[in-house]
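To start, the structure under review is shown below, and the notes come after it.
Worth saying up front: this structure is predicted, and the values here are computed from it rather than measured. Quick note: numbers below take in every heavy atom, side chains included, and nothing from hydrogens, waters or symmetry partners.
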Amino acid sequence: MVAASNGEWDKIENCWENFINGRRGDLESLQPEIVDAWQRCAHAGVDPRAGLSSQILDETSLQAMLNRNRELIDIARPFMGKLHQFVAGSGFVVLLADSNGYLMAASGDHDILTQSEDINFLPGACWREDEIGNNGVGTALTLQRPVQVSGAEHFCQKHHGWTCSGAPIFDEQNQLIGILEMSGPVERTHLHTLGMVVAAVEAISDQLRIQQKNHEMLLLNQRLSSIYHTVSDGIITVDAEGLITQV
């Protein structure tokens, strides 16, 4: 959405106050997906006054996660850098999380990343809904589709100053393998931010497919080469039109 007016933000803030205080009948100002997310968070026992991840991977577990996801991280980094270039100096950061909601990489102005350590824009921090409430990483992971959460739409008050736009990354088998997200000041909320993230995810997915095809071709060539060097019979290869391509 385009940045809301002060009155609209106030309505959302009032809905949040009512919800966390047990008055849950007046939620018409909210999108249904936000209400559903709040209900999931409340059911999971998330503290709405918190919002700081307590699940942070130790160094050994972090390195193991990064190694498992090295291909995705290496492909995503250039696109994360380009996203940050578009919004450099505006207080936005770009985050990459794994399929379990743990942050793997962050790109943004150094001062913003440093100032935001109180909500853990750090590799190894868990950003699932059941840990820090609804957000661009955790909710995109839960719904497995692009989402935007802004201001008091976040279940946890610590995130009310932020707008988060996240989208899932799928592999060729349609398995979710990661989340790309942009977070920035709530006053800069705009639907275009989510569109930028979705476009970057599509580019990352295309690059993953190309790399997978290249890997498959390399394996095929290695197998063919092994066959050529181990058989004593003559071998002729032909194309789809029946023309000889190799003898």
Side-chain angles (χ1 to χ4, degrees), residues 1 9 12-13 15-24 27 29-57 61-62 65 69 72 76 92-106 116-170 174-186 189 191 193-194 197-198 201:
M1 63 181 175
W9 288 130
I12 296 173
E13 188 77 36
C15 285
W16 178 81
E17 287 284 355
N18 289 334
F19 187 90
I20 65 169
N21 287 308
R23 301 186 296 273
R24 303 182 179 182
L27 300 174
S29 299
L30 301 174
Q31 300 178 62
E33 67 178 26
I34 298 299
V35 177
D36 291 343
W38 285 4
Q39 291 172 341
R40 288 193 299 270
C41 295
H43 182 73
V46 178
D47 182 357
R49 302 293 183 183
L52 179 65
S53 176
S54 61
Q55 293 189 37
I56 301 178
L57 299 177
S61 299
L62 173 60
M65 178 190 67
N69 294 278
L72 173 59
F92 274 84
V93 296
V94 185
L95 307 172
L96 179 68
D98 77 345
S99 58
N100 294 311
Y102 286 92
L103 298 190
M104 299 188 292
S116 303
E117 287 180 351
D118 64 329
I119 57 174
N120 283 345
F121 284 154
L122 303 172
C126 180
W127 273 51
R128 290 196 309 270
E129 278 191 347
D130 60 356
E131 177 67 8
I132 62 168
N134 59 320
N135 63 87
V137 172
T139 305
L141 183 62
T142 298
L143 301 180
Q144 298 201 3
R145 61 178 175 81
V147 297
Q148 186 174 72
V149 185
S150 300
E153 291 178 339
H154 290 92
F155 184 76
C156 290
Q157 190 176 32
K158 191 179 285 288
H159 300 158
H160 285 190
W162 294 88
T163 178
C164 303
S165 301
I169 304 169
F170 295 95
N174 205 35
Q175 296 297 309
L176 191 152
I177 59 173
I179 302 290
L180 185 69
E181 195 237 39
M182 287 182 68
S183 291
V186 65
T189 300
L191 188 59
T193 308
L194 182 59
V197 173
V198 171
V201 163

Rounded to the nearest 0.5 Å, how far does [atom2] of [Y] lie from [atom1] of [X]?
X    : Y    : atom1 : atom2 : result
Q55  : D130 : CD    : CG    : 7.0 Å
I34  : Q39  : CD1   : CD    : 11.5 Å
N135 : R128 : CG    : CZ    : 11.0 Å
I179 : Q144 : CD1   : CD    : 8.0 Å
S99  : L72  : OG    : CG    : 9.5 Å
E129 : T142 : CD    : OG1   : 4.0 Å

I want to check something: taking the side chain as every heavy atom from C-beta on, are [X] and [Y] in contact at a cut-off of under 4.5 Å?
X    : Y    : value
F92  : T163 : yes
Q148 : T189 : yes
L30  : W38  : yes
I177 : F170 : no
P48  : F19  : no
L96  : L103 : no
W16  : I12  : no
F155 : R40  : no

How close do [X] and [Y] get, counting heavy atoms only, and between which atoms?
X    : Y    : answer
L194 : V147 : CD1-O, 3.4 Å
G136 : C164 : N-CB, 3.5 Å
I132 : C156 : O-SG, 3.3 Å
V186 : S150 : CG2-C, 4.3 Å
L141 : L176 : CD1-CD2, 3.7 Å
S53  : A125 : OG-C, 4.1 Å

Would you please classify the geometry between the H159 ring and the H154 ring as parallel, tilted or perpendicular, with 30° and 60° separating the classes?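 H154 and H159: perpendicular rings.
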Should H160 and E153 be marked as a side-chain contact (heavy atoms from CB on, under 4.5 Å) after you check the CA-CA gap, both sets of side-chain angles, and the distance that decides it? CA-CA 7 Å; H160 285 190; E153 291 178 339; over 6 Å; no
If the condition is side chain to side chain donor-acceptor pair (under 3.5 Å), which residues does S183 pass it with, not counting sequence neighbours?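 E181.
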Would you call R49 and D47 a salt bridge, using N to O less than 4.0 angstrom?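 Answer for the salt bridge query: no.
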